[in-house]
Amino acid sequence: MWHGFYKKELSIRRKLIKDYQKKDIPIPVVLPELNADQMIENYLFNYHLPLGVALHFEINDSPYVIPMAIEEPSVIAAASNGAKLLGNIESRIVNRHLIGQIIVMQVTLDRAKELLKLYRSQWLNYAREVSRDIVSYGGGPLDLYIKEDQGTDCVCFCLSFDPVDAMGANSINSCLETLAPQIVEACQGKLLTAILSNYSPDSYVDVSASIPINRLSKDSMKARNIAQAIVELSDYAQVDVYRAVTHNKGIMNGVDAVLMATGNDWRAVEAGVHAFASRSGCYRGLSQWVLKENQSELKGTMRIPLQVATVGGSLSSHPQAQWSLALLGHPRAKELAEIIAAVGLAQNFAALRALVTDGIQKGHMPLQARSLAMQAGAVGSEVGLLSQQLVQENNYQLSRAKELLDKIRYSSDNISED
Ligand code: MEV
């Protein structure tokens, strides 16, 4: 069904996606101004990003077509290639809770601990009572404890919270703000703040995929070298922060594009992910690739925190986010996190494979050529013509693109005058 999808005309691609969805779900090409105007203050107009689909994904033995909103030309192609080579990707979520902080000043740690012992269940019950809505969906406050590794004079009471399928920021923040005065009064202290944290290191997704190395090249020696080089490059990202950041940027290319398509808060995820990548005290690559089964298999594993939602917030009033979630089969938040982690791993695999073989530019530049053509001023059919010429010449300088565009225009003027 997907063979040569990228070469088909836009109308055919849209039809194929509708056929795949088996329901006549109209593609919402615009975010209505009325909705957008309700979403933010001082709204003026919509800022668009292209949304496309990554194909060939099999996650936990189920096929998926993945919506991705992104401006970088090679990301969707790379994700699809990565997924095709990897085959089934195993992805399992471990915990999904938020942590909220009530930070109190002018109280000693010992006194705060005594008070927590006395009032923990009373405070928790109160927190549950004020979070009735989310409790009725099976979530809400789970535990209240003190985080001791503060290195400050403040005491931090932490509330762990199950947001069910929502991002949960509003629910937990309201709960924290309502609970805080009771805690502060008992402490006879002063409130510094009550707010959720975007860091929840016990909530993450474990994702892995294995690929027989003979799938990396027909030539067995070459396949072995590619696999070995992928392992070395991923090891390098464990010890070198410069490489680790770029390694993780490649993962986030996939992660962020699905977060955007599904209307999720990508800033929250980004902040949490990079803190998580530094949890050992050094910033490291999130994924690692190793050789297994007598060196015949390349295995990638990744642990990544992904606080994502499938209901609530602005995603409920965003028709394009709703369309993306429908394309994914209306997943619960846990399943969406597993999907996104799998996309991140496939994206990482595709990047590492390209880096240790042809280099990134060979695959990247032909896709970049269309943007370059537009940057040079090409419009309509000129874009395809000019980008073809740039690819043929393997020259991606803007100055050359402008020269070629002049030539294209000059020859078409002459043809029309003839
Ligand atoms: C480019 O957007 C992402 C890469 O730099 C990732 C990587 O180097 O692993 C290709």
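Counting heavy atoms from C-beta on, the side chains of Leu196 and Phe161 never come closer than 4.5 Å. At least one side-chain heavy atom of Cys187 sits less than 4.5 Å from a side-chain heavy atom of Leu115. Contact of the Met260 side chain with the Ile70 side chain is not registered, since no non-hydrogen atoms from C-beta on lie closer than 4.5 Å. Side-chain contact check for Asn81 versus Leu85: every heavy-atom pair is 4.5 Å or farther apart. Residues Arg13 and Leu10 are in side-chain contact: their nearest non-hydrogen atoms beyond the backbone lie under 4.5 Å apart. A heavy-atom distance below 4.5 Å is found between the side chains of Gln21 and Trp323. Within the 4.5 Å cutoff, side-chain heavy atoms of Ile340 are placed close to those of Leu336. Proximity of Asn42 to Leu44: side-chain heavy atoms (C-beta onward) are nowhere separated by under 4.5 Å.
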- Mind running side chain to side chain donor-acceptor pair (under 3.5 Å) on Ser234 and His247 for me, showing each step along the way? CA-CA 8 Å; Ser234 92; His247 180 101; over 6 Å; no

- Message: Test side chain to side chain contact (heavy atoms under 4.5 Å, CB included) on Leu291 and Leu298; report intermediate values, then the result.
- Response: CA-CA 5 Å; Leu291 285 171; Leu298 177 68; 4.2 Å; yes

- Report the C-alpha distance between Val343 and Tyr64 in whole Å, list the side-chain angles of each, state the deciding distance to 0.1 Å, and finish with yes or no for side chain to side chain contact (heavy atoms under 4.5 Å, CB included). CA-CA 10 Å; Val343 176; Tyr64 287 93; over 6 Å; no

- Query: Please walk me through it: do Ser210 and Lys292 pass side chain to side chain contact (heavy atoms under 4.5 Å, CB included)?
  - Reply: CA-CA 9 Å; Ser210 291; Lys292 288 258 169 182; over 6 Å; no

- Query: Given Ile66 and Ile59, is the side chain to side chain contact (heavy atoms under 4.5 Å, CB included) satisfied, shown in steps?
  - Reply: CA-CA 11 Å; Ile66 313 279; Ile59 304 165; 4.3 Å; yes

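At distances below 3.5 Å, not a single donor-acceptor pair connects side-chain atoms of Arg400 with backbone N or O atoms of Leu390. Under a 3.5 Å cut-off, the side chain of Ser91 and the backbone N or O of Glu338 do form a donor-acceptor pair. In this structure, the side chain of Asn248 engages the main chain of Leu286 through a donor-acceptor pair within 3.5 Å. For Arg279 (side chain) and Phe276 (main-chain N/O), a donor-acceptor pair under 3.5 Å exists by modelled atom type. In this structure a side-chain-to-backbone donor-acceptor pair under 3.5 Å is missing from Asp162 to His97. Counting only distance, with no hydrogens or angles, the side chain of Asp153 and the backbone of Met105 share no donor-acceptor pair below 3.5 Å. For Gln238 (side chain) and Asp235 (main-chain N/O), no donor-acceptor pair under 3.5 Å exists by modelled atom type. Glu71 contributes no side-chain N or O that, together with a main-chain N or O of Pro50, makes up a donor-acceptor pair within less than 3.5 Å. In this structure a side-chain-to-backbone donor-acceptor pair under 3.5 Å is missing from Asn46 to His48. With Ser387 contributing its side chain and Gly384 its backbone, the two residues share a donor-acceptor pair below 3.5 Å.
Heavy atoms from other residues, nucleotides or ligands lying under 6.0 Å from CE of Met221 number 12 at most. With a 6.0 Å radius and a threshold of 12 heavy atoms from other residues, nucleotides or ligands, Tyr20 has its OH atom above the threshold. By the neighbour-count criterion of 12 heavy atoms within 6.0 Å, atom CG of Asn170 is sparsely surrounded, having that number or fewer from other residues, nucleotides or ligands. Annotation for Lys190: atom NZ does not count as buried by contact number, only 12 or fewer foreign heavy atoms lying within 6.0 Å. For Gln188, the CD atom sits in a loose shell: 12 or fewer heavy atoms of surrounding residues, nucleotides or ligands are nearer than 6.0 Å. Counting heavy-atom neighbours within 6.0 Å of Arg224 CZ, excluding the residue itself, gives a total of 12 or less. Remark: Tyr6 OH is loosely packed, at most 12 non-hydrogen atoms of other residues, nucleotides or ligands lying under 6.0 Å away. A 6.0 Å sphere centred on OH of Tyr137 holds no more than 12 heavy atoms belonging to other residues, nucleotides or ligands.
Ionic pairing of Glu114 and Lys117 is not present here: no N-O contact between side-chain nitrogen and carboxylate oxygen is shorter than 4.0 angstrom. Ion pairing between Asp165 and Arg332 holds under the 4.0 Å rule for side-chain N and carboxylate O. A salt bridge does not link Glu293 to Lys299: none of the charged nitrogens lies less than 4.0 Å from a carboxylate oxygen.
Between Trp123 and Leu179 the shortest heavy-atom distance is O-CD1, 3.6 Å. When all heavy atoms of Leu159 and Pro141 are compared, the pair lying nearest together is CD1-CB, 4.0 Å. Of all non-hydrogen atoms in Ala341 and Met302, the two that sit nearest each other are O-CE, 3.5 Å. A pairwise comparison of heavy atoms in Val53 and Ser80 identifies O-OG, 4.4 Å as the closest pair. Closest heavy-atom contact between Ala112 and Val107: N-CG2, 4.1 Å. Scanning both residues, Ala223 and Ile213, for their nearest heavy atoms gives CB-O, 3.3 Å.
In summary, of the residues considered (Leu98, Asp143, Asp202), a side chain to side chain contact (heavy atoms under 4.5 Å, CB included) with Ser160 occurs for Asp143 alone.
Between the side chains of Thr262 and Asn264, a donor-acceptor pair is found at a separation under 3.5 Å.
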Just list the side-chain donor-acceptor pairs under 3.5 Å for residues 314-322, sequence neighbours left out, or say none.
unit_1	atom_1	unit_2	atom_2	d
Ser316	OG	Gly312	N	3.0
Ser316	OG	Gly312	O	3.4
Ser317	OG	Ser314	O	3.2
His318	ND1	Gln320	N	3.2
His318	ND1	Ala321	N	3.4
Gln320	NE2	Pro28	O	3.0
Gln320	NE2	Val29	O	3.3
Gln322	NE2	Leu315	O	2.9

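Separating the CG atom in Asn88 from the CG atom in Asp61 is a distance of 4.0 Å, to the nearest 0.5 Å. Atom-to-atom distance recorded for Leu372:CG and Asn395:CG is 9.0 Å, nearest 0.5 angstrom.
A parallel orientation is assigned to the rings of His274 and Tyr283, their planes being inclined by less than 30° (bins at 30° and 60°).
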